[in-house]
Amino acid sequence: VWVLAIASAIVTVRTPPGHIPLWLYSREPGDQAYFHNVLQAVEKKADGQSLRFCRECGAFKPDRCHHCAELGQCVLAMQHWSPLCNNAIGYYNLKPYLLWLLYASLAHALALAALAPGLLRAADPLLAARGAPVVLALRDGGEGGVLAYALVSALTSALVGGAIFFWLVCHAVLAARGVTAAETGRQCGCSRRKRPKPPLPANPFDFGVRANFVKVRSCAARLPPAACTAHLRASPFQIFGKHPILWLLPTNQGIEGNGIFYELSVESQAGPGEKLW
């Protein structure tokens, strides 16, 4: 488990999160007539009409793309800047980042589980024999010092592993809703330079909890269940790709897409009062 955690961390650190391609760069923000035809651009500026343009990079921003001040460039499907990785978390390194959190929290849980039985058996003798606090037991050494060191290790694993697991759950909840951390922070008013932005109506990037993580088979749109034909449906992220054998390995093999153009959920394209199967 630790080997998988370390491998996932290395891949996260060394993988570029994804940046705006050169064909989206422009010296003039007013060149919107051309880019309206070549860019998907579901997300618009606050006026609801203008394309999003990054003045720092001098490029039009695809959907879900945000500027990362620490990295100095726009990041595709940006989540956030990670100080531990010294890298931004975006389209191409989100999967290894989630696997890193998963394996790190699991490794700490296994360490805690391995230490717990011995600590529970030795708790009463340790306290009754010396009555000394853990610091004194560590100083004196011997059997008491070993048990005290195990106790400190268990507490460390509980705190660190709990914090990592909490961060993993936060990202899993966001992914299950089809949103990114950067989008959620902007909507909550956490951006330092921009005012809060309302969420998109009928989130077009939400394909359901399961399909937001992996490809699934579902019924074709606008057909009743009895007449539906199976087809592959996947979220814009396709976080873990289409090959189950690779879901738990820190590799991007099997992940389709480029972080610029996304499928849109059928529900977000429905008209007022229109019912979709």
Side-chain angles (χ1 to χ4, degrees), residues 17-21 24 35-36 38-46 48-54 59-68 74-80 88-98 168-191 194 196-222 231-242 247 252 254-272 274 276-277:
H19 57 83
I20 298 179
L24 283 175
F35 287 98
H36 261 298
V38 298
L39 193 60
Q40 184 177 9
V42 174
E43 295 182 277
K44 300 290 197 303
K45 287 187 176 180
Q49 300 295 329
S50 303
L51 297 178
R52 298 187 306 137
F53 185 82
C54 179
F60 287 94
K61 295 194 287 187
D63 292 330
R64 330 213 78 175
C65 180
H66 299 274
H67 187 81
C68 178
C74 287
V75 174
L76 301 178
M78 179 177 174
Q79 297 287 334
H80 57 80
I89 306 303
Y91 186 82
Y92 290 105
N93 61 357
L94 176 60
K95 177 189 175 182
Y97 182 71
L98 293 179
L168 172 65
V169 170
C170 290
H171 278 277
V173 171
L174 292 176
R177 294 172 51 202
V179 298
T180 66
E183 293 166 355
T184 304
R186 177 74 186 277
Q187 294 166 11
C188 297
C190 298
S191 177
K194 298 180 180 180
K197 187 176 183 180
L200 292 172
N203 185 2
F205 308 114
D206 185 5
F207 281 69
V209 174
R210 184 182 176 191
N212 283 343
F213 288 95
V214 298
K215 272 182 174 273
V216 298
R217 290 191 176 273
S218 62
C219 293
R222 305 177 184 273
H231 75 289
L232 285 177
R233 184 170 63 125
S235 76
F237 289 124
Q238 298 182 27
I239 298 176
F240 293 101
K242 60 182 180 180
W247 284 351
N252 285 331
I255 297 179
E256 301 174 352
N258 55 15
I260 301 173
F261 299 101
Y262 299 101
E263 289 184 55
L264 302 179
S265 64
V266 175
E267 289 76 7
S268 66
Q269 304 175 52
E274 185 179 2
L276 300 179
W277 294 95

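Predicted model, so just to flag it, every value in this text is computed and none were measured.
Between E183 and R64 there is a salt bridge, with a side-chain nitrogen of the basic residue lying less than 4.0 Å from a carboxylate oxygen of the acidic one.
Atom CG of L39 and atom CG of L51 lie 6.0 Å apart (nearest 0.5 Å). With rounding to the nearest 0.5 Å, the separation of SG in C74 from CZ in F53 is 9.5 Å.
A search for side chain to side chain donor-acceptor pair (under 3.5 Å) contacts involving H80 returns H171, not counting sequence neighbours. Under the side chain to side chain contact (heavy atoms under 4.5 Å, CB included) criterion, A88 pairs with P17, C68, L71, V75, W81, not counting sequence neighbours.
Listed for the E43 side chain is no donor-acceptor partner under 3.5 Å among the backbone atoms of D63. The closest donor-acceptor contact from the side chain of N258 to the backbone of F261 lies under 3.5 Å.
You'll find the side chain of P96 reaches within 4.5 Å of the side chain of N252, heavy atoms only.
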Between T180 and M78, is a side-chain contact (heavy atoms from CB on, under 4.5 Å) present by the stated rule, with each step listed?
CA-CA 7 Å; T180 66; M78 179 177 174; over 6 Å; no
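The nearest pair of heavy atoms linking G18 to Y92 is CA-CD1, 3.6 Å. Residues H19 and L76 approach most closely at O-CD1, 3.6 Å, considering heavy atoms. Across every non-hydrogen atom of P62 and R52, the tightest pair is O-NH2, 2.5 Å.
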